[in-house]
Amino acid sequence: MTITTDITIIGGGVIGLLTAREFLTTGATVTIIEKNALGQESSWAGGGILLPLYPWRQADAITRLALQSLKLYPDLASELITDTGVDPEWTPCGLLITKNPDITAATDWCSSNAISFQQAGAEFFNCLDTQAENPLWLPEIAQARNPRLVKSLKQDLIIKGAIVHEHTELTAVNVHNKRVTSINITSGQTTINQLDVNQLVISAGAWTGQLFKQFFSEFACDAPKIAPVKGQMLLYDARPDTLSTMVLDGDQYLIPRRDGKILAGSTVEHDEFNKTVTTAALDRLNTFAVNLMPALKNYPLIKHWAGLRPGTEDGVPYIDKHPEVGNLSINAGHFRNGLVMGPASAQLMVDLILNRPTAVNPEPYKLCRKA
Ligand SMILES: Cc1cc2nc3c(=O)[nH]c(=O)nc-3n(C[C@H](O)[C@H](O)[C@H](O)COP(=O)(O)OP(=O)(O)OC[C@H]3O[C@@H](n4cnc5c(N)ncnc54)[C@H](O)[C@@H]3O)c2cc1C
């Protein structure tokens, strides 16, 4: 017998997982449909910096969700550790930003959003080689370790009773009288099941625009403009304490994990649904990394991967109930900031569906907004 849960979520990346968790805490029952294994796409591939890069240059709507998430992360991380035993490695290791030509905008943004900052002195550059310009040290900025975060969320959802269908793809949506009544899901080559639906949330990352085009094109609102944007990353097997803080240098960065491994990222490539890694990106990222931190030459480069960010033009996600299809919602399009905006986006999605007051003004995240 197939159980019809209160909420069905398409896509088990960090956005779908956090949305599921938020619903479960309200007592709702939840099903997650994921075409691969949970959390193995963009949410696995990312860097986990819990601050948008140069947030003062970005839309205020990104700041609003990021700041709300920053309040939620410490409790989220400690609850995940207690409930699952898997540590998402939320680590407030601080962020050094080496070049700030717009230092006044940067410090104004920090001051007005209660983000601590100080000018970074020479002691921050002992192991770094770069042309600094008004370097800024943000001591409270944290990171999460992507693969650990998604693993702990998966574990937590299973413990909390979510029904999880991995390797199962949404292949059709059945709509009657402006309500989704059921969906077709396919696992493997041949099996097609029909699943009845109460509320459907689409959190399919970079694939979300396609799904809306495919299933909801007859409705007034245009499909959300979400396109894949490839990001490549490198991983060095460095010793613990080789680098103690995250470093943003121009448009690239280094992120030290607790076990010493150091990530160098990332590229921003508009290349459709292509996750192939390239030698050109490897050379570029490796040159950046060893120039910035010469000690990295001593450590093996052990991994090179790519993920597909769910790109929107201004980086602002779509978090909304569909204006026409009564029980359809979207939580997708977080581009470069899905980890940092994730907890607040999940909270907003659930508040909207449950008609509760929202912590963040929902207006900028509307599905039918212009561009
Ligand atoms: C290199 C790189 C660096 C990044 N660095 C950071 C950072 O430092 N900080 C930060 O906050 N963010 C960062 N990001 C962005 C962040 O990773 C993303 O914004 C976030 O992971 C998006 O999560 P998601 O759940 O929407 O998408 P995904 O993780 O892609 O999940 C979507 C899921 O939907 C599934 N799906 C798709 N179609 C279907 C279907 N038909 N049926 C069932 N399932 C389906 C997919 O298989 C996938 O698992 C980075 C991303 C990359 C690639």
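We count ligands from 1, going down the list as the structure has it; atoms in each ligand are counted the same way. Both backbone and side-chain heavy atoms feed into the values below; hydrogens, waters and symmetry mates do not. All of these numbers come straight from a predicted model, not from anything done at the bench.
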How are the rings of Tyr54 and Trp56 set to each other: parallel, tilted or perpendicular (split at 30° and 60°)?
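Aromatic pair Tyr54/Trp56 classed perpendicular.
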
Using 30° and 60° as the class boundaries, would you call the ring planes of Trp305 and Trp44 parallel, tilted or perpendicular?
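The rings of Trp305 and Trp44 stand perpendicular, inter-plane angle above 60°.
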
Considering the heavy atoms of Glu169, write down every atom of ligand 1 situated less than 4.0 Å from one of them.
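Matching atoms, with element in brackets: 40 (C), 41 (N), 42 (N).
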
With sequence neighbours excluded, residues passing side chain to side chain donor-acceptor pair (under 3.5 Å) with Glu140:
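If we apply the side chain to side chain donor-acceptor pair (under 3.5 Å) test to Glu140, skipping adjacent residues, the hits are Ser116.
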
Using the side chain to side chain donor-acceptor pair (under 3.5 Å) criterion, which residues pair with Lys213? Sequence neighbours excluded.
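Lys213: no side chain to side chain donor-acceptor pair (under 3.5 Å) contacts found.
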
Between the candidates [options], which shows the shortest non-hydrogen contact distance to [atom]?
atom                    : options                       : value
atom 51 (C) of ligand 1 : Lys275, Arg309, Gln210, Lys35 : Arg309
atom 22 (C) of ligand 1 : Ala37, Gly205, Pro310         : Pro310
atom 30 (O) of ligand 1 : Ala144, Ala204, Ser42         : Ser42
atom 8 (O) of ligand 1  : Ile49, Val14, Asn146          : Ile49
atom 14 (N) of ligand 1 : Gln232, His165, Arg336        : Arg336

Please confirm whether [X] approaches ligand 1 to less than 4.0 Å, judged on its heavy atoms.
X     : answer
Leu53 : no
Gly48 : yes
Trp44 : no

Over all heavy atoms of both residues, which pair between Met233 and Gly265 is shortest? Give the atoms and the distance, please.
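Of all heavy-atom pairs spanning Met233 and Gly265, the closest is SD-CA, 3.5 Å.
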
What residue and atom, counting heavy atoms only, is the protein's closest point to [atom], and at what distance?
atom                    : value
atom 23 (O) of ligand 1 : Ser43 OG, 3.2 Å
atom 48 (C) of ligand 1 : Glu34 OE1, 3.4 Å
atom 15 (C) of ligand 1 : Phe335 O, 3.1 Å
atom 3 (C) of ligand 1  : Gly46 CA, 3.4 Å

In Å and rounded to the nearest 0.5 Å, what is the CG to CZ distance from Asn174 to Phe215?
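Result: 9.5 Å between the selected atoms.
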
Is there a nitrogen or oxygen of Gly39 sitting under 3.5 Å from a nitrogen or oxygen of ligand 1?
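By distance alone, the answer is no.
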
